[in-house]
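Before any comments, here is the structure.
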Amino acid sequence: MQNLIDGRAIAQQIHAETAQRVAVLKARGVTPGLVFIRVGEDPASQVYVGMKEKKSAELGLHSVTRVLPEMTTQAELLALIDRFNADPQWHGILVQAPLPKHMDQATVYAHVAPTKDVDGFHPLNVGKLMLGDPSGFVSCTPGGVHELLIRYQVPLAGAEVVVLGRGNIVGKPMASILMQKGRHANSTVTVVHSATRDVQAHCLRADVIIAAMGVPEFVRANMVKPGAVVIDVGVNRVADPTAKSGTRLVGDVAFAEVQPKAGLITPNPGGVGPMTIAMLLANTARAAEMATGSARR
Ligand code: GUN
């Protein structure tokens with residue numbers, strides 16, 4: 001069926017744009033530098049950071065990865081962030097989540113210099129997004145979903161959008177992006193969460209459903225208006241005795257039954273996932289442009 005949103009293809013377009021910006025920076029003697037910090041040995045984080053490193057190198061960025069042991073103190077992590085904050089060769093700093101339980105994620109993210117916060121997690125950048133100030137960094141996954149909607153020319157002005165999930169990384173910034181006054185936004189956004197009374201009624205009204213609550217295959221065909229655009233942000237590991245590893249990854253959308261009803265839908269994998277890295281590297285190019293006086297939006 002021809003209703004798939006090809007996240008890999010759009011991510012590729014954005015990577016090509018970023019590579020161009022990196023080339024312009026390099027011609028001016030600036031190599032965008034990106035730091036990855038990982039704490040402990042979370043297997044998914046190892047894979048994610050590995051993918052981000054590989055793509056950075058492909059686009060010509062300079063990156064370094066620091067892996068700290070699980071028992072690192074928060075003070076030690078903050079001291080490391082301080083050193084990268086102060087060093088002008090590094091334009092972006094990414095501290096991979098999840099952090100060990102003895103650390104306070106909010107404190108750590110607030111410690112990254114806002115101008116190097118290419119993850120868009122610092123409270124200043126979250127605040128700028130809320131205020132509609134374009135000078136900040138937008139969190140990569142909701143930023144990537146927004147790019148998919150824009151590049152597939154999904155009408156957003158006045159559209160009913162339901163965001164499922166109110167997390168700080170996806171749900172809240174996603175709602176904030178789409179409710180802003182301005183081009184490529186202006187939607188009527190409903191945020192559905194665990195205390196919402198009639199989830200199905202809200203979803204059935206939606207022209208666009210963005211599922212980011214982390215419940216395997218939560219969105220079923222009977223929750224989707226015919227022709228609606230369905231974006232699946234979920235990455236859930238579920239038991240699967242038929243798989244070699246005993247598990248498999250599923251999204252927040254029951255894809256097989258929802259696809260025939262949707263106007264457009266993201267496959268999963270191959271939908272939102274590739275966009276997160278694309279936005280991260282685009283943000284890093286912009287951080288380098290801003291730091292060296294050649295910023296564009
Ligand atoms: N863990 C899962 N997604 C992300 C992300 O976008 N950024 C960081 N830093 N950690 C994550």
Side-chain angles (χ1 to χ4, degrees), residues 7 11 14-15 18 33-56 61 63-68 70 72 74 77-78 80-81 84-85 90-101 103-126 129 136-148 165-174 176-177 210-214 231-237 249 251-252 268-269 271-284 286-287:
I14 293 171
H15 285 313
T18 302
L34 175 56
V35 177
F36 299 105
I37 301 175
R38 200 157 59 63
V39 188
E41 297 303 328
D42 176 62
S45 293
Q46 291 178 25
V47 173
Y48 288 139
V49 172
M51 286 161 53
K52 293 173 190 176
E53 284 171 330
K54 184 164 167 274
K55 211 56 186 174
S56 302
L61 286 86
S63 77
V64 67
T65 301
R66 289 297 178 87
V67 181
L68 304 178
E70 177 83 24
T72 302
Q74 179 166 304
L77 174 59
L78 298 184
L80 180 67
I81 295 172
F84 288 120
N85 279 342
W90 302 112
H91 304 100
I93 301 171
L94 178 143
V95 183
Q96 184 69 21
L99 290 169
K101 293 208 174 14
M103 293 189 185
D104 178 50
Q105 195 154 305
T107 304
V108 172
Y109 286 125
H111 209 76
V112 174
T115 51
K116 300 190 177 190
D117 171 39
V118 288
D119 251 331
F121 291 171
H122 189 286
L124 187 78
N125 286 319
V126 176
L129 172 62
F137 291 104
V138 175
S139 170
C140 301
T141 302
V145 170
H146 192 210
E147 279 298 325
L148 288 178
R166 56 177 155 185
N168 288 337
I169 294 185
V170 184
K172 283 183 200 165
M174 191 77 248
S176 200
I177 290 168
I210 300 170
M213 80 293 229
I231 307 287
D232 187 0
V233 184
V235 182
N236 310 290
R237 193 165 285 285
L249 292 175
D252 286 356
N268 190 348
V272 175
M275 294 298 292
T276 300
I277 299 184
M279 300 313 286
L280 171 72
L281 301 181
N283 278 350
T284 306
R286 192 159 74 89

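Numbering starts at 1 and runs along the sequence shown. Read the numbers this way: they start at 1 and go in the same order the structure lists the ligands and their atoms.
Remark: minimum distance from atom 4 (C) of ligand 1 to any protein heavy atom is reached at Gln96 NE2, 4.2 Å. Among all non-hydrogen protein atoms, the one lying nearest atom 7 (N) of ligand 1 is Asp119 OD1, 3.0 Å.
For ligand 1, the polar-atom distance check against Ala97 finds a nitrogen or oxygen pair separated by under 3.5 Å. Here's the thing with Thr141: none of its N/O atoms is less than 3.5 angstrom from an N/O atom of ligand 1.
Both tests hold for Arg286 against Phe137: distance to the six-membered ring centre under 6.0 Å, angle to the ring axis within 45°.
Atom NZ in Lys116 sits 6.0 Å away from atom CG in Asn85 (nearest 0.5 Å). The distance from the NZ atom of Lys54 to the CD1 atom of Ile277 is 9.0 Å, given to the nearest 0.5 Å. Separating the SG atom in Cys140 from the CG atom in Leu280 is a distance of 4.5 Å, to the nearest 0.5 Å. Atom OG of Ser63 is separated from atom CZ of Phe36 by 5.0 Å, given to the nearest 0.5 angstrom. Atoms CG and CD1, on Leu148 and Ile210 in that order, are 10.0 Å from each other to the nearest 0.5 Å.
Here is the list of ligand 1 atoms found below 4.0 Å of a heavy atom in Val95: 8 (C), 9 (N). Proximity to Leu94 (heavy-atom distance under 4.0 Å) selects the following atoms of ligand 1: 9 (N).
Taking 4.0 Å as the cut-off, Phe121 counts as a neighbour of ligand 1 on heavy-atom distance.
With a 4.0 Å heavy-atom cut-off, ligand 1 is reached by no atom of Leu280.
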